[in-house]
Amino acid sequence: MSIKKSGATIVFFILISVGYANDGYKLWLQYLPFENKAVSDYYRDYLENISISGESPTLDIIQKELIIASEGFFDQQVLPEFSKTTDSNLTWIIRSEDLPEEIKGKLGTKLSEVKEEGYWLKSYQGKIIITAKTDIGLLYGTFAFLKAIQTREKLENLDRLENPKIQKRLLNHWDNLNRTVERGYAGFSIWNWHRLPNHIDQQYIDYARANASIGINGTSIFNVNSNALILTPEYLAKAKALADAFRPYGIKIYLTARFNAPMILDSLPTADPLDPDVQIWWKKKTEEIYSYIPDFGGFLVKADSEGQPGPHNYGRTQADGANMLADAVKPFGGIVMWRAFVYNEKTPTDRIRQAYDEFKPLDGKFRDNVIVQVKNGPLDFQPREPFHPLFGAMPKTPLMMEFQITKEYLGQETHWVNLATMWREILQSDTYAKGKGSTVSKVIDGSLHGYKLTGIAGVANIGTDRNWTGHQTAQADWYAFGKLAWNPDSNIDEIAENWLKMTFSNDVDFVATSKEIMLQSHEILVNYMTPLGLHHIMARSHHWGPGPWVTGGGREDWTATYYHKASEEEIGFDRTEKGSNALAQYAPEWKKTWGDADKIPLEYLLWFHRVSWDKKLSTGNNLWTEMALRYQKGVEGARWMQSQWAKMEGKIDQERYEHISSFFKIQVSEAEWWRDSCLLYFQQFSKMPLPPGVEKPKHVLKYYLNFKRNFVPGI
């Protein structure tokens, strides 16, 4: 079989090798062996002779990555040869300023479109040119080149110029110094503080490789429920070791700042942000941090929320607290990411109003190196929420998105649910801030309001499990987050397809079937957990499993009954002007759409309205019947996912196939648990029979009320 490199269609005979063991450690950087000689021969020329112009630690990393890739692709039979000159090499990795003048001229003005972290992957006269302004851009371009090979693209057609749309693209680790991970479901923290700073574990390097491959350029390495010890010299030396290891990969270190650290570490009598001694303390501490880490990114702060101290303790505003820290890091080029997840220590009328009510009046009062970090929805990472009303409401204050990659409320480590589907729903929601088309994605990339500082954060889902994320498929959420952080308007179908090819196989059948599972998985989970706008009905504290009956305790808004308020007459939370009026925080267009219980999309019905059990819905069913049918549909969806996956045996390695299969047993069982327990609980109020087609619960309600599980992970 001949391979023509003139643009003609290339046909590969796909022969899948599934005889090897694979625990998932390599993530999407598998660099699986080429399927056959035809495929191998096609890519060989581009991988055998490569020129890398210049010298730097980052260029050394590029060379190492190409060796790792070649060892995988060619099964260690072929290693690339590198040179510093372009000459006859087919693949050039070269800064744009170092390109030969003749080529610069022929590439034209488009070359000037490449920004600081961007790259241009260009097929040119039979060669592949990877060019960028910076070495980090070259690293991103090299990973894009390797992705093209992993997904079996035709290289002679490549013409990909990409710049990140968002500046600060971070993982937020909720890791503690004792190596537990809050809301972590993949083992312990990867940060081995005891061995640092003298030992750099290989996992740190592989972590950096994985992040660089998807464009993540920052990591906050400690829990937002912070411990002031992280700011002491002992731990700054450890953080420095990580920063030094990550720097060549373009990744900056950020630290969480406990607001009352001056009191804890140096016995100051106050942490009042307007107190001159407190301000001096933070400036000196910041100077100390930069003496360890010259490119320290800045602080991430959780304040005045869930017991964390903050400016409220001193009668100050969130802007007062954020600006004090911003002034400290400003001389060094640092930023402050100030979380908007604040709510009063006393239960309010409606918790979801509070962030908007507190931050909206402060618009324009923050320093220019402060960015307010806002969760995707106004409550707390629920399976489905409307977008947070702050997006579009603060044109003078940069806002960054906070997504939760770890699945605190979405089945934790054992349910396959593609979070990119949920994130797209939020990112493409229209704020109407400047008329139709003012999407959330345009808010966070800065284009809507002209933000000079942009960012996005994902609460990390990784740990010491060999596959990093507990569930093999949860790797897709880490991958998708990086891709959406780079460009929040990215096509999630394409993201899913590329992840499957890079992680498992290019087999057409496997990719099509698995992608269909991925893209339907979120809606399936919503149906068996929280259909029709139900929310926060998980078990208390650990949030594993159903708990619509949870009531009582120290805070009403930490209970399920607070959010659904089920009675014999109706169910739901009235957020219209007749209730808490949280709906007024959204644009008038949404008030028109969401304010009418007869017109609102059913996905948000019980989020915004109290509805009688016998109310007839747009589907023709009454509320009770529709709720029961959706719970049943969710269970049937989980079973469908399981049956579709069963067809994939033999198409990938047996180890990962069986791992996912065993987790499907858990997912289906827990979907049934959700359906049965929730319907039995709510049936007490509706007093209606289960409709035809809904399976009879396996147990009586008392069984579910008394069910307890000890030592649930994810403290």
Side-chain angles (χ1 to χ4, degrees), residues 165-166 168-172 174 183 220 224 300 302 305 337-343 351-356 359 371-394 398-411 417-431 433 438-446 448 451 454-461 477-478 480-490 492 495 522-523 525-526 529-530 533 535-536 538 543 563 575 582 585-587 590 594 601 603-604 607-608:
K165 287 190 173 183
I166 296 177
K168 311 296 182 182
R169 307 177 298 278
L170 286 85
L171 289 186
N172 286 178
W174 286 1
R183 310 309 181 189
S220 172
V224 289
L300 169 63
K302 175 180 179 178
S305 177
M337 298 169 288
W338 192 269
R339 295 178 87 232
F341 186 59
V342 299
Y343 55 97
R351 172 174 144 186
I352 75 163
R353 288 185 55 104
Q354 290 199 48
Y356 183 100
F359 279 85
I371 185 166
V372 177
Q373 184 165 310
V374 184
K375 290 188 178 185
N376 59 275
L379 185 50
D380 191 16
F381 299 132
Q382 296 299 294
R384 171 169 280 137
E385 297 186 43
F387 69 92
H388 202 295
L390 275 175
F391 291 116
M394 298 188 72
L399 302 182
M400 66 186 291
M401 175 66 73
E402 179 178 327
F403 285 133
Q404 191 181 52
I405 309 173
T406 188
K407 298 186 176 100
E408 176 181 354
Y409 294 98
L410 291 98
V417 51
N418 185 48
L419 297 186
T421 312
M422 177 176 69
W423 297 337
R424 176 181 61 181
E425 196 171 283
I426 295 295
L427 291 167
Q428 299 309 316
S429 292
D430 202 333
T431 69
S438 302
T439 60
V440 172
S441 69
K442 292 178 181 176
V443 174
I444 65 171
D445 73 13
L448 188 66
Y451 293 157
T454 58
I456 185 170
V459 181
N461 64 339
D477 303 316
W478 180 7
F481 170 76
K483 292 299 179 180
L484 290 169
W486 184 274
N487 178 3
D489 295 316
S490 295
I492 68 162
I495 290 172
H522 175 248
E523 196 66 39
L525 177 132
V526 170
M529 282 192 179
T530 54
H535 50 286
H536 214 297
M538 289 72 186
H543 300 149
Y563 293 100
R575 293 190 166 102
Q585 296 178 338
Y586 292 91
W590 287 117
W594 290 340
E603 288 73 20
Y604 294 124
W607 182 280
F608 286 106

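Sequence positions, counted from 1, serve as the residue numbers for this chain.
In this structure, OG1 in T439 is found 7.5 Å from CG in L448, a value given to the nearest 0.5 Å. Remark: W174 CH2 to N461 CG distance equals 12.0 Å, nearest 0.5 Å.
No side-chain donor-acceptor contact under 3.5 Å links Q354 to the backbone of I352. With E425 contributing its side chain and T421 its backbone, the two residues share no donor-acceptor pair below 3.5 Å. Of the possible polar contacts, one joining the R575 side chain to the W607 backbone as a donor-acceptor pair under 3.5 Å is found. N172 contributes no side-chain N or O that, together with a main-chain N or O of G458, makes up a donor-acceptor pair within less than 3.5 Å.
Taking the six-membered ring where tryptophan is involved, the planes of H536 and H543 are perpendicular, since the angle between them exceeds 60° and thus also 30°. Relative ring orientation between W590 and W594 is described as parallel, the plane-to-plane angle staying below 30° on a 0-90° scale split at 30° and 60°.
Taking the side-chain hydrogen bond (donor to acceptor under 3.5 Å, both in side chains) definition, one finds that T431 meets it with nothing, sequence neighbours left out.
Within the 4.5 Å cutoff, the side chain of L379 has heavy atoms near those of the Y563 side chain. In this structure, L171 and W478 have side chains that are in contact, with non-hydrogen atoms separated by less than 4.5 Å. Within the 4.5 Å cutoff, side-chain heavy atoms of I444 are placed close to those of L427. In this structure, K168 and I371 have side chains that are not in contact, with every pair of non-hydrogen atoms separated by 4.5 Å or more. Between I495 and L484 the shortest side-chain heavy-atom distance falls below 4.5 Å. Counting heavy atoms from C-beta outward, F359 and V372 have side chains that approach closer than 4.5 Å. Side-chain atoms of D430 and F387, non-hydrogen and from C-beta on, never get closer than 4.5 Å to each other. Put simply, the side chain of M538 reaches to within 4.5 Å of the side chain of T530, judged on heavy atoms.
Defined by atom type and a distance below 3.5 Å, a donor-acceptor pair is present between the side-chain atoms of Q428 and D489.
Residues R384 and E603 are not paired through a salt bridge, judged by the lack of any N-O separation under 4.0 Å between the basic side chain and the carboxylate.
Closest heavy-atom contact between H522 and P383: NE2-O, 2.8 Å. Taking every heavy atom of both residues into account, T406 and A460 meet most closely at CB-O, 3.5 Å.
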